[in-house]
Amino acid sequence: MRFIRLIEPQSGLSARCRLLDDAAPESTAFLWELAERKAGFEAMHAIWTGPEISVPMPSSALPEAMARPAIPPENATSYPDAGDIVLAYLAAGSTKGLPPGPFYDIGLFYGGGGRLLMPFGWIQANVCARIVDEDLAKAQADCRTIRRNGVCTLSLETA
């Protein structure tokens, strides 16, 4: 089993997540590479999807020299559960209004009732990791703090 950690210092978020390598191998490979590079991205509470911290990543925001793979559907859902970490992939030119190039988004779902309904319609994202049970309650509280605080920087690292 492989684990990554999601970190956001202002809220105190430091959640260990088990990668679901068997269910979503290409998605977990993408997250693992970000974690190995200790990549950090602007994140915010989502507007449309319910209890989610969203980490939008246009391909231009990815670390230099990192591949920008097309991520196929794997373990996909439109209704993530509390503790699910999802990866959405939108191909270049597939959705009006996105920046040029492929677009990725990590969703950290911290409560029930999550749904992937966007202003342009329903999407599916790959459930590729889960917050470990012993970290979930604190992560939920920390995500509520992020919701109150606004935009932040969320980083990934190997755990």
Side-chain angles (χ1 to χ4, degrees), residues 4-8 10-11 13 15 17-35 37 39-63 66-131 135-136 139-156:
I4 61 170
R5 186 172 296 279
L6 301 176
I7 300 165
E8 196 288 306
Q10 280 188 298
S11 66
L13 177 68
C17 307
R18 181 176 57 87
L19 294 178
L20 304 177
D21 286 308
D22 291 340
E26 293 188 43
S27 298
T28 60
F30 185 81
L31 290 184
W32 186 255
E33 185 170 354
L34 290 173
R37 294 169 179 261
F41 301 95
E42 188 174 270
M44 77 271 323
H45 196 276
I47 296 171
W48 298 92
T49 56
E52 178 201 7
I53 304 304
S54 175
V55 186
M57 299 176 298
S59 59
S60 61
L62 295 178
M66 183 171 168
R68 275 99 172 123
I71 305 288
E74 44 185 21
N75 203 31
T77 187
S78 293
Y79 300 98
D81 291 326
D84 282 349
I85 308 302
V86 303
L87 177 64
Y89 168 77
L90 297 167
S94 67
T95 306
K96 183 179 177 181
L98 290 180
F103 189 86
Y104 306 86
D105 188 283
I106 297 170
L108 190 168
F109 282 84
Y110 65 91
R115 69 244 172 240
L116 294 173
L117 176 60
M118 308 305 225
F120 49 82
W122 286 95
I123 67 166
Q124 289 197 322
N126 299 336
V127 180
C128 51
R130 287 217 26 96
I131 298 172
D135 288 3
L136 184 56
Q140 289 172 313
D142 296 340
C143 287
R144 287 190 290 275
T145 298
I146 292 171
R147 182 184 68 211
R148 289 188 301 276
N149 290 347
V151 174
C152 63
T153 299
L154 191 138
S155 300
L156 298 86

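All residue numbers in this chain count up from 1 along the given sequence. This is a predicted model, so every value here is computed, not measured.
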Evaluate the ring planes of Tyr110 and His45, with Trp represented by its six-membered ring, and classify them as parallel (under 30°), tilted (30 to 60°) or perpendicular (over 60°). perpendicular
Could you go step by step and tell me if Asp135 and Arg5 meet the side chain to side chain contact (heavy atoms under 4.5 Å, CB included) rule? CA-CA 10 Å; Asp135 288 3; Arg5 186 172 296 279; 4.2 Å; yes
Grab the two heavy atoms, one from Leu13 and one from Asp142, that are nearest each other, plus how far apart they are. CA-OD2, 3.3 Å
For Gly112 and Ala82, the nearest pair of non-hydrogen atoms, with its separation, is N-CB, 4.1 Å
Might you point out which heavy atoms bring Pro72 and Asn126 nearest each other, and give the distance in Å? O-ND2, 2.9 Å
So, taking the atom named CG in Leu108 and the one named CD in Glu8, what distance separates them when rounded to the nearest 0.5 Å? 11.0 Å
Working for side chain to side chain contact (heavy atoms under 4.5 Å, CB included), residues Met66 and Leu34: CA-CA 9 Å; Met66 183 171 168; Leu34 290 173; 3.5 Å; yes
Nearest atoms (heavy-atom pairs only) where Glu52 meets Ile106: OE2-O, 4.2 Å
Is there a side-chain contact between Tyr104 and Pro69 (heavy atoms, below 4.5 Å)? yes
First locate atom CD of Glu33, then atom CG of Leu62, and finally report the distance between them rounded to the nearest 0.5 Å. 9.0 Å
Taken to the nearest 0.5 Å, the spacing of Asn75 CG from Gln124 CD works out to 10.5 Å
Criterion side chain to side chain contact (heavy atoms under 4.5 Å, CB included) on Leu31 and Cys128, from CA distance to verdict: CA-CA 9 Å; Leu31 290 184; Cys128 51; 3.4 Å; yes
Are any non-hydrogen side-chain atoms of Arg130 and Asp84 less than 4.5 angstrom apart? yes
Just verifying a value: how many Å separate Thr28 OG1 and Asp22 CG, rounded to the nearest 0.5 Å? 8.5 Å
Going through the checks in order, is the side chain to side chain donor-acceptor pair (under 3.5 Å) test met by Ser11 and Asn149? CA-CA 8 Å; Ser11 66; Asn149 290 347; over 6 Å; no
Where do Glu74 and Ala23 come nearest, in terms of heavy atoms and distance? CB-O, 3.8 Å
Derivation and outcome, side chain to side chain contact (heavy atoms under 4.5 Å, CB included), residues Leu116 and Phe109: CA-CA 11 Å; Leu116 294 173; Phe109 282 84; 3.7 Å; yes
Within this structure, what is the CE-CD1 distance for the pair Met118 and Ile47, rounded to the nearest 0.5 Å? 10.0 Å
Can you check whether Val55 reaches Leu156 side chain to side chain, under 4.5 Å on heavy atoms? no
Minimal heavy-atom distance between Pro56 and Phe103, with the atoms involved, is CB-CZ, 3.6 Å
Which value, rounded to the nearest 0.5 Å, describes the distance between Leu117 atom CG and Tyr79 atom OH? 8.5 Å
